[in-house]
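For reference, the structure is listed below as structure tokens.
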Amino acid sequence: MKPQDIVVRPATQEDAPLIHDITQEAFTTYSQVIGRPVAALTEDVEDVKRDIREKQVYIASAGGEVLGTARVYAVGRAAHFCRFGVRTAVRGGGIGGALLKRVEQWAREHGLEAIVLYTASTNLSLMRFYYGKGFYVHSTDSSPGYIRALLIKPLNGREWQPQPGDLQ
């Protein structure tokens, strides 16, 4: 897949069923990697519709087919990147990178200083993906029942430390 073939746009309420389907597919795999269920698997289409109203939700498509999704919202000085998923069949084809590029653009447009996210530290494919996109591990914790890493991508090119109010 060529980068110019990928279109990233804001999601609409009509996209909610597709977003739900992609999220379920992606987080089923994520859950298998970490060996336990995760909260994303409990959401339904109405939860997705609520996020479309309350957060910025993007979808990525190629050839008219929706292949990936991501959500982002601001907290303090940070853009929180979440519910990121790409169809299994097209992983490694640039969909995830295109979504992340659009999220970074959104964060800059909103004057934010960094993108933050949590992911399982044992999910090596995701860790490699995020490292390749300029993220670094800030810290880890096991509050969700598995070891997850807080990853940060500063938007100013240097190390960024969260302050109270930047994280949830």
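These values consider heavy atoms only, across backbone and side chains, with no hydrogens, waters or symmetry-generated copies.
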Working for side-chain contact (heavy atoms from CB on, under 4.5 Å), residues D47 and R83: CA-CA 12 Å; D47 295 320; R83 295 296 198 264; over 6 Å; no
Between OG1 on residue T119 and CG on residue L151, distance to nearest 0.5 Å: 6.5 Å
Cluster check V57, L18: I/L/V/M/F/W/Y, side chain < 4.5 angstrom: yes
Closest heavy-atom pair and its distance - T29, R91: CG2-NH1, 3.8 Å
Counterpart residues, ring pair (Phe, Tyr, Trp, His ring centres under 6.0 Å), relative to Y118 (two or more places apart): none
Partners passing salt bridge (Lys or Arg N to Asp or Glu O under 4.0 Å) against E54 (at least two apart in sequence or in another chain): R50
Summary of salt bridge (Lys or Arg N to Asp or Glu O under 4.0 Å) pairs that have at least one residue in residues 60-73, sequence neighbours excluded: E43-R71, D51-R71
Residue pair T12, I52: steps toward the side-chain contact (heavy atoms from CB on, under 4.5 Å) verdict: CA-CA 7 Å; T12 66; I52 291 170; 5.8 Å; no
Evaluation steps, side-chain contact (heavy atoms from CB on, under 4.5 Å), between I95 and L99: CA-CA 6 Å; I95 297 292; L99 283 161; 4.1 Å; yes
For V45, the rest of its hydrophobic cluster, which grows through side-chain links under 4.5 angstrom: none
Pairwise salt bridge (Lys or Arg N to Asp or Glu O under 4.0 Å) hits with a residue in residues 126-142, at least two apart: D141-R148
Closest non-hydrogen atom pair between L112 and A74, with its separation: CD1-CB, 3.8 Å
Connected hydrophobic set around Y73, excluding itself, where side chains approach under 4.5 Å: V75
Close side-chain approach of V72 to H80, heavy-atom, < 4.5 Å: no
Hphob cluster co-occupancy, I19 + L100, side-chain heavy atoms under 4.5 angstrom: no
Closest contact, heavy atoms only, G134 versus P154: O-CD, 4.2 Å
Contact list for residues 88-113, test ring-ring contact (aromatic ring centres under 6.0 Å, His included), sequence neighbours left out: W106-H110
Value rounded to 0.5 Å, distance of OH in Y131 from CG in L124: 11.0 Å
Exercise: identify the closest heavy-atom pair between A149 and M127: CB-CE, 4.3 Å
Salt bridge (Lys or Arg N to Asp or Glu O under 4.0 Å) partners of residues 14-37, not counting sequence neighbours, each pair once: R9-D15, D21-R87, E25-R87
Residues which pass side chain to side chain donor-acceptor pair (under 3.5 Å) with Q56, listed by chain and number, not counting sequence neighbours: none
Shared hydrophobic cluster for V86 and V66 (ILVMFWY, side-chain gaps under 4.5 Å): no
Sequence neighbours excluded - ring-ring contact (aromatic ring centres under 6.0 Å, His included) pairs with any residue from residues 134-168: Y130-F135
Side chain proximity check, P162 to V116, heavy atoms < 4.5 angstrom: no
Same apolar cluster: Y30 and I147, side chain cutoff 4.5 Å: no
Non-hydrogen side-chain atoms of L150 and V137 separated by less than 4.5 Å: no
Salt bridge (Lys or Arg N to Asp or Glu O under 4.0 Å) against D166, all qualifying residues, sequence neighbours excluded: R77
N156 side, atom CG; E113 side, atom CD - distance, nearest 0.5 Å: 7.0 Å
Listed partners of E46 passing salt bridge (Lys or Arg N to Asp or Glu O under 4.0 Å), at least two apart: K49
same_hphob_cluster(F27, V90) at 4.5 Å side-chain heavy-atom cutoff: yes
Positive for side-chain contact (heavy atoms from CB on, under 4.5 Å) with I59, one of T69, L67, V7, V8: T69
Spacing of CG belonging to L167 relative to OG belonging to S139, to within rounding of 0.5 Å: 8.0 Å
Point-to-point distance, once rounded to the nearest 0.5 Å, from CG of L117 to SG of C82: 9.5 Å
Nearest heavy-atom neighbours spanning I22 and G85: CG2-O, 3.6 Å
Side-chain donor-acceptor contact under 3.5 Å, Q161 with E159: yes
Euclidean distance, I6 CD1 relative to K101 NZ, rounded to 0.5 Å: 10.0 Å
Candidate pair F84 and Y58, rule ring pair (Phe, Tyr, Trp, His ring centres under 6.0 Å), full reasoning: CA-CA 9 Å; F84 172 55; Y58 290 104; over 10 Å; no
